[in-house]
Novice: 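I have a structure here, written as structure tokens, and I will follow up with some questions on it.
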Amino acid sequence: MKQNKTQLTPEEQKLFGDLMPEELEEVINSGFNRRHFIKLMGLATAGLLASHAIGAEQLFARAIETDEIPDLIPEAIENGINVSFKVNSSVKKVLIDSRMTLLDTLRERIGLTGSKKGCDHGQCGACTVIVDGQRVLSCLTLAATCEGKSVITIEGLAKENALNPMQAAFLKHDGFQCGFCTPGQICSAVALMKEAKEGNASYVTKNIREDGKSLLLSDEEIAERMSGNICRCGAYPNIVAAIKEAQSGKNITQNWLFAG
């Protein structure tokens with residue numbers, strides 16, 4: 001039990017008071033944990049968060065409270081090495097097997113379970129995180145290679161109670177259904193924005209001679225650049241709209257195509 005009570009914003013307190021009154025005291029005393037997050041996602045699926053949009057966004061932007069993971073004794077790990085790197089602005093030093101992937105290190109040793117293990121073969125993109133500004137597949141990246149580097153996961157994109165613009169765009173455009181691929185989708189999209197700003201060409205870029213010039217992403221460009229992130233629910237039109245809006249800063253109207 002934590003000694004310091006969680007300071008809820010007025011919007012967050014109203015959300016819990018109206019929709020989850022039985023959880024309010026626990027959140028104040030113990031913090032916002034994974035069980036509360038899952039309940040909120042259930043309410044979102046049922047469409048009950050619309051009248052509490054601000055409070056819900058603030059809660060989703062909060063870091064979920066997790067217990068400290070105790071260090072393992074060296075004898076418990078074969079080929080153990082100490083690795084130190086920055087994760088979401090916080091320096092982490094962990095004892096791991098030298099063959100451990102970045103994904104397993106984040107999930108099993110550091111307790112950041114937002115990055116998902118989908119195929120575990122680098123084919124689905126659910127594990128995508130950002131390392132030194134570049135998106136990587138954490139299931140294919142050895143944690144030992146991240147020594148001294150900066151790693152950003154889905155948990156590190158929001159700033160205090162403010163969602164990252166890409167997160168807000170995904171919420172607005174329903175860029176997720178089951179949500180399993182969403183952490184990787186959003187991290188990939190955030191890195192994609194940096195790539196476009198720096199003028200990095202893709203396979204479908206028409207004028208590759210405009211080196212260094214910021215690219216305005218078309219639907220085709222976004223589809224190509226996000227092709228490594230698979231959404232089995234098929235929310236691709238929503239994801240494209242969210243990325244276009246986050247880059248352009250303009251309201252994007254989705255074009256729906258119905259079979260008839």
Novice: Just by distance, no angles: are the side chains of S188 and R135 close enough, under 3.5 Å, to form a donor-acceptor pair?
Specialist: yes

Novice: Could you tell me which non-hydrogen atom of G118 sits nearest to which non-hydrogen atom of C124, and how far apart they are?
Specialist: CA-SG, 3.8 Å

Novice: Could you tell me whether the side chain of R107 and the main chain of S115 form a donor-acceptor pair under 3.5 Å?
Specialist: yes

Novice: Give a yes or no on whether the backbone of I252 and the side-chain of E245 come within a donor-acceptor separation of less than 3.5 Å.
Specialist: yes

Novice: For a quick test of reading the model, state the closest non-hydrogen atom pair linking Y203 to E224 and the distance between them.
Specialist: CB-OE2, 3.5 Å

Novice: I need the minimum non-hydrogen distance between A143 and T105, along with the two atoms involved.
Specialist: CB-OG1, 3.3 Å

Novice: Can you confirm whether K172 is buried at NZ, in the sense that more than 12 heavy atoms of other residues, nucleotides or ligands lie under 6.0 Å from that atom?
Specialist: yes

Novice: So, using side chain to side chain contact (heavy atoms under 4.5 Å, CB included) as the criterion, who are the partners of T145 when residues are at least two apart?
Specialist: T141, L142

Novice: Does N79 use its side chain to pair, donor to acceptor, with the backbone of R99 at less than 3.5 Å?
Specialist: no

Novice: With sequence neighbours left out, what residues match E26 under side chain to side chain contact (heavy atoms under 4.5 Å, CB included)?
Specialist: E23, S30, N33, R35, H36

Novice: Please tell me if the side chains of D97 and D104 come closer than 4.5 Å, counting only heavy atoms from C-beta onward.
Specialist: no

Novice: Quick one: does T205's side chain have a donor or acceptor within less than 3.5 Å of a partner on S202's backbone?
Specialist: yes

Novice: Calculate, to the nearest 0.5 Å, the distance between atoms CZ and CD1 belonging to R109 and I96 respectively.
Specialist: 8.5 Å

Novice: Consider only side-chain heavy atoms of I, L, V, M, F, W and Y, link residues closer than 4.5 Å, and tell whether L137 and I130 are in one cluster.
Specialist: no

Novice: Looking at CG of L24 and NZ of K14, how far apart are the two atoms once the value is rounded to the nearest 0.5 Å?
Specialist: 12.5 Å

Novice: What's the spacing between N164 CG and F170 CZ if we round to 0.5 Å?
Specialist: 10.5 Å

Novice: Treat each ILVMFWY residue as a node, draw an edge where side-chain heavy atoms are under 4.5 Å apart, and state whether L217 and I239 are in one component.
Specialist: yes

Novice: According to salt bridge (Lys or Arg N to Asp or Glu O under 4.0 Å), who are the partners of D132, at least two apart in sequence or on a separate chain?
Specialist: none

Novice: For the CG atom of D120 and the OG atom of S138, what is their distance to the nearest 0.5 Å?
Specialist: 9.0 Å

Novice: Within the structure provided, determine whether I154 and C187 are in side-chain contact (heavy-atom separation under 4.5 Å).
Specialist: yes

Novice: Under a 4.5 Å side-chain heavy-atom rule over Ile, Leu, Val, Met, Phe, Trp and Tyr, are I152 and L103 clustered together?
Specialist: no

Novice: For residues V91 and S84, determine if any side-chain heavy atom of one lies less than 4.5 Å from a side-chain heavy atom of the other.
Specialist: yes

Novice: Please walk me through it: do L171 and F176 pass side chain to side chain contact (heavy atoms under 4.5 Å, CB included)?
Specialist: CA-CA 8 Å; L171 280 173; F176 55 90; 3.8 Å; yes

Novice: Considering only heavy atoms from C-beta outward, does the side chain of K244 approach that of K250 to under 4.5 Å?
Specialist: no

Novice: Quick check against the 3.5 Å criterion: does T153 have a side-chain atom that pairs as donor or acceptor with the backbone of V129?
Specialist: no

Novice: Please give me the minimum heavy-atom distance between A196 and Q247, naming the atom from each residue.
Specialist: CB-NE2, 3.9 Å

Novice: To the nearest 0.5 Å, what is the distance between CD1 (I222) and OH (Y236)?
Specialist: 14.5 Å

Novice: If you define the side chain from C-beta out and look only at heavy atoms, does anything of M100 sit under 4.5 Å from V83?
Specialist: no

Novice: Under 4.5 Å between any side-chain heavy atoms of T128 and V136, yes or no?
Specialist: no

Novice: Any chain of hydrophobic side-chain contacts (each under 4.5 Å) joining I81 to V94?
Specialist: yes

Novice: Side chain to side chain contact (heavy atoms under 4.5 Å, CB included) for L102 and V131? Distances and angles first, verdict last.
Specialist: CA-CA 10 Å; L102 176 59; V131 178; 4.0 Å; yes

Novice: Write down the atom of M166, the atom of V190, and the distance for their closest heavy-atom approach.
Specialist: CB-CG2, 3.8 Å

Novice: Would you check if there is a donor-acceptor pair between the side chains of E220 and S218 at a distance under 3.5 Å?
Specialist: no

Novice: Check the pair C139 / T101 against side chain to side chain contact (heavy atoms under 4.5 Å, CB included), numbers first and verdict last.
Specialist: CA-CA 6 Å; C139 77; T101 65; 5.5 Å; no

Novice: Take atom CD in E147; do more than 12 heavy atoms of anything else shown fall under 6.0 Å from it?
Specialist: yes

Novice: Measure the shortest side-chain to side-chain distance between V151 and N88 over non-hydrogen atoms and say whether it is less than 4.5 angstrom.
Specialist: no

Novice: Would you call Q185 and I243 a side-chain contact if the rule is heavy atoms closer than 4.5 Å?
Specialist: no

Novice: Where is the tightest heavy-atom contact between R225 and N200, given as atom of each residue plus distance?
Specialist: NH2-O, 2.7 Å

